[in-house]
Amino acid sequence: MAFEAFSDPTYLRSIIRISLTVSLIAVLLSTALSLPIAFAVGFSDFRGKRFVTAVINTGMGFPSVVVGLLVWYVLSNQGPLGSLNLIYTPEAMIISQLVLAAPVITGVALSAIESVDDAVQGAAYGVGGTRADVALITLKEARYGVITGVLAGFGRAISEVGSVLIVGGNIAYADGTSKTRTLTTAIQFEVRKGEFETALVLGAVLLVLVLLVNGVVLRLGGR
Amino acid sequence: MEYRRREVLGASAAGIATAVAGCIGSGDDDGEGSIADEELALATTTSTEATGLLTEINEAFRERYGVRVAANAEGTGASIRSARDGNADVILVHARSREDEFMQEGYGVNRRDLMFNDFVVVGPSDDPAGIGDAEGAAAAFDAIASAEATFVSRGDESGTHTKELVIWDEAGVEPGGEWYQELGQGMGETLTNANESGAYTLADRGTYLSRDDLDLEILVQGPIEGGPELLANPYGIMAVNPEIHPNVNYDLAMSYIGFFTSPEGQQIIEEFTANGEQLFYPEALSEDPNFQQYVPEGWQPDSSDD
């Protein structure tokens with residue numbers, strides 16, 4: 001009874017696929033959105049820069065259920081984007097994870113860029129570098145910090161349960177394939193049924209996945 | 001005859017499940033939903049999914065119509081809200097008063113009685129409040145309140161929670177104080193909590209029977225075992241009104257309702273068991289079909305005319 005969920009590999013495979021697909025797409029999109037912002041803010045000096053930084057840092061701690069709730073209101077059939085029919089779909093989960101991950105990636109990348117020693121930039125200008133060259137050098141120096149930011153964003157996205165439950169609905173089909181059931185919401189569902197052992201195994205799978213992704217990304221990043 | 005049919009049904013279901021698993025496993029690797037042309041969005045209660053009944057029904061439906069059912073199990077309150085907003089095509093819940101309201105306001109059409117089981121009051125086997133001797137559910141709740149024995153409530157506007165409030169009302173008790181704990185969780189979590197903390201709670205028989213890890217005992221029986229009618233737990237199914245929400249798939253919703261209330265669907269309900277016990281009792285094919293239910297109680301012809 002307890003390990004019923006694993007007698008059919010389709011179930012587990014399909015949950016893993018949804019979890020990974022949703023979180024990876026969300027992180028890719030957030031990265032594409034976050035890094036330009038982090039560079040723009042990090043490379044310039046303007047009035048209100050500290051305020052912008054504070055807003056980004058606040059966003060890093062934004063409660064996920066609140067994000068879920070807001071996304072639900074926007075995507076629900078009666079909401080402003082209701083006509084797109086996105087509520088209770090993987091796309092809805094991507095949107096909520098994007099909102100959650102983007103501030104994390106922006107914030108960590110920004111602090112990495114800001115902490116690059118000014119002497120590096122000075123030296124780059126000194127040898128006749130253009131602004132683009134200096135930016136490139138800084139990016140190179142800050143890359144571990146940026147990668148850490150992306151991984152932190154991925155961690156936030158894939159371990160998220162509150163918002164994906166609200167906007168995704170934890171839906172699986174009768175044949176065992178998942179529509180919007182992720183590892184985290186599947187764990188919640190198993191706990192609801194009192195199947196704590198199955199939930200534990202799913203938790204272990206989630207941990208291994210996060211570990212694997214971190215390993216691969218760090219490897220690619222040259223560490 | 002009856003017996004053989006069941007075997008055949010079981011065997012074919014297992015065969016289909018295996019075949020489907022094989023096909024899906026290899027062929028459907030590039031994104032969910034891309035192969036399904038149509039999909040039915042069902043809003044339902046936690047009990048139908050947690051017991052596994054929906055899986056059987058939806059698999060049979062898919063076999064017959066080639067349509068997948070995306071079941072969103074959230075509890076009666078949230079399901080009705082989902083359907084009201086047009087986020088579901090069909091809705092399967094168990095709180096008649098809320099269903100009637102939903103129908104009267106025009107959000108639902110073609111409600112059918114589907115099946116029933118009953119509620120039971122469960123608690124620790126030593127029964128500290130002595131409710132096992134009580135006459136009926138309200139008296140049992142009264143005894144719990146007088147003894148201030150711990151009672152955990154779903155507290156989530158589900159069908160079970162709605163019924164619980166009706167019983168407190170009947171008992172003339174306004175529950176409160178430290179002994180009364182609202183969890184805001186599903187039936188499964190609530191049973192686990194009651195089990196761990198030695199508390200009483202109201203459970204639907206289906207979810208209770210589908211668990212084999214509980215020390216909790218049934219202390220007050222529902223009508224299935226001769227208990228009071230107050231503990232009856234009828235399930236209804238309704239299509240979301242396409243006049244209000246043109247985006248819903250009304251034809252598919254009606255096929256689903258038709259299938260669920262057909263001899264085939266009702267037989268699946270009849271034969272569905274967990275831990276060797278029947279969890280739900282089919283009602284759609286009763287000898288006395290209650291067609292009056294198409295028109296909700298208290299409906300006024302001019303109130304919803306347009």
Side-chain angles (χ1 to χ4, degrees), chain A residues 1-2 4-5 7-19 21-22 25 72-73 75-79 82-93 165-182 185 188-199, chain B residues 16-18 20-25 28-33 36 39 41-43 46 49-52 54-63 68-74 78 81-82 84-88 185-192 195 207 210-214 245 247-248 274-275:
Chain A
M1 183 87 191
E4 213 172 43
S7 56
D8 176 8
T10 321
Y11 180 64
L12 187 60
R13 208 162 53 192
S14 149
I15 291 174
I16 292 175
R17 195 171 59 215
I18 287 290
S19 273
T21 314
V22 166
I25 292 177
W72 189 91
Y73 265 102
L75 297 186
S76 169
N77 229 287
Q78 302 300 291
S83 55
L84 298 177
N85 277 322
L86 286 180
I87 196 72
Y88 306 138
T89 63
E91 288 81 1
M93 298 196 291
L165 196 59
I166 295 174
V167 305
N170 190 32
I171 296 169
Y173 300 107
D175 60 18
T177 51
S178 153
K179 181 186 184 193
T180 56
R181 183 166 296 169
T182 63
T185 58
Q188 203 254 12
F189 178 61
E190 296 299 334
V191 167
R192 163 171 289 170
K193 290 192 292 179
E195 304 283 0
F196 287 91
E197 293 81 4
T198 309
Chain B
I16 288 154
T18 320
V20 163
C23 298
I24 299 285
D28 182 30
D29 270 18
D30 51 348
E32 303 299 328
E39 185 177 290
L42 167 70
T46 52
E49 187 178 47
T51 53
L54 271 188
T55 306
E56 297 234 340
I57 294 271
N58 291 349
E59 190 55 41
F61 182 72
R62 194 173 90 105
E63 180 196 336
R68 295 212 280 190
V69 181
N72 192 3
E74 310 180 281
R81 174 63 201 263
S82 259
R84 200 178 272 266
D85 286 352
N87 293 333
Q185 302 217 61
M187 194 71 255
E189 292 102 327
T190 304
L191 280 168
T192 303
N195 195 48
T207 308
S210 66
R211 294 282 291 266
D212 52 9
D213 60 330
L214 300 175
H245 293 298
N247 65 300
V248 301
N275 299 326

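Residue numbers begin at 1 in each chain, while the letters A, B, ... track the order of the sequences. Just so it is clear, the values below take in all heavy atoms, side chains as well, and ignore hydrogens, waters and symmetry mates.
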## Note on the structure
When rounded to the nearest 0.5 Å, the distance separating OG1 of B:Thr192 from CZ of A:Phe196 is 4.5 Å
### Proximity breakdown for A:Thr21 and chain B, heavy-atom pairs closer than 4.5 Å
neither
### Chi angles and distances behind the side chain to side chain contact (heavy atoms under 4.5 Å, CB included) call for B:Glu39, A:Lys179
CA-CA 11 Å; B:Glu39 185 177 290; A:Lys179 181 186 184 193; 2.9 Å; yes
### Query
When you measure from the side chain of B:Asp85 to the backbone N and O of A:Asn77, does any donor-acceptor pair fall under 3.5 Å?
no
### Closest-packed option against chain A by number of heavy-atom pairs under 4.5 Å, given B:Asn58, B:Thr51, B:Asn87, B:Thr46
B:Asn87
#### Entry: Contact class of B:Ala73 relative to chain A, heavy atoms under 4.5 angstrom
backbone
### Task
To the nearest 0.5 angstrom, please state how far the CD atom of A:Gln188 sits from the CD atom of B:Gln185.
8.0 Å
### Task
Considering only heavy atoms and a distance below 4.5 Å, find which of B:Glu74, B:Arg84, B:Arg211 pairs most often with chain A.
B:Arg211
### Under 4.5 Å from a heavy atom of chain A, the part of B:Asn247 involved
side chain
### Task
Check B:Val69 against A:Tyr173 and note the closest heavy-atom contact, atom names and distance.
O-CD2, 3.4 Å
#### Entry: Rounded distance (nearest 0.5 Å) linking atom CG of B:Leu191 with atom CZ of A:Arg192
11.5 Å
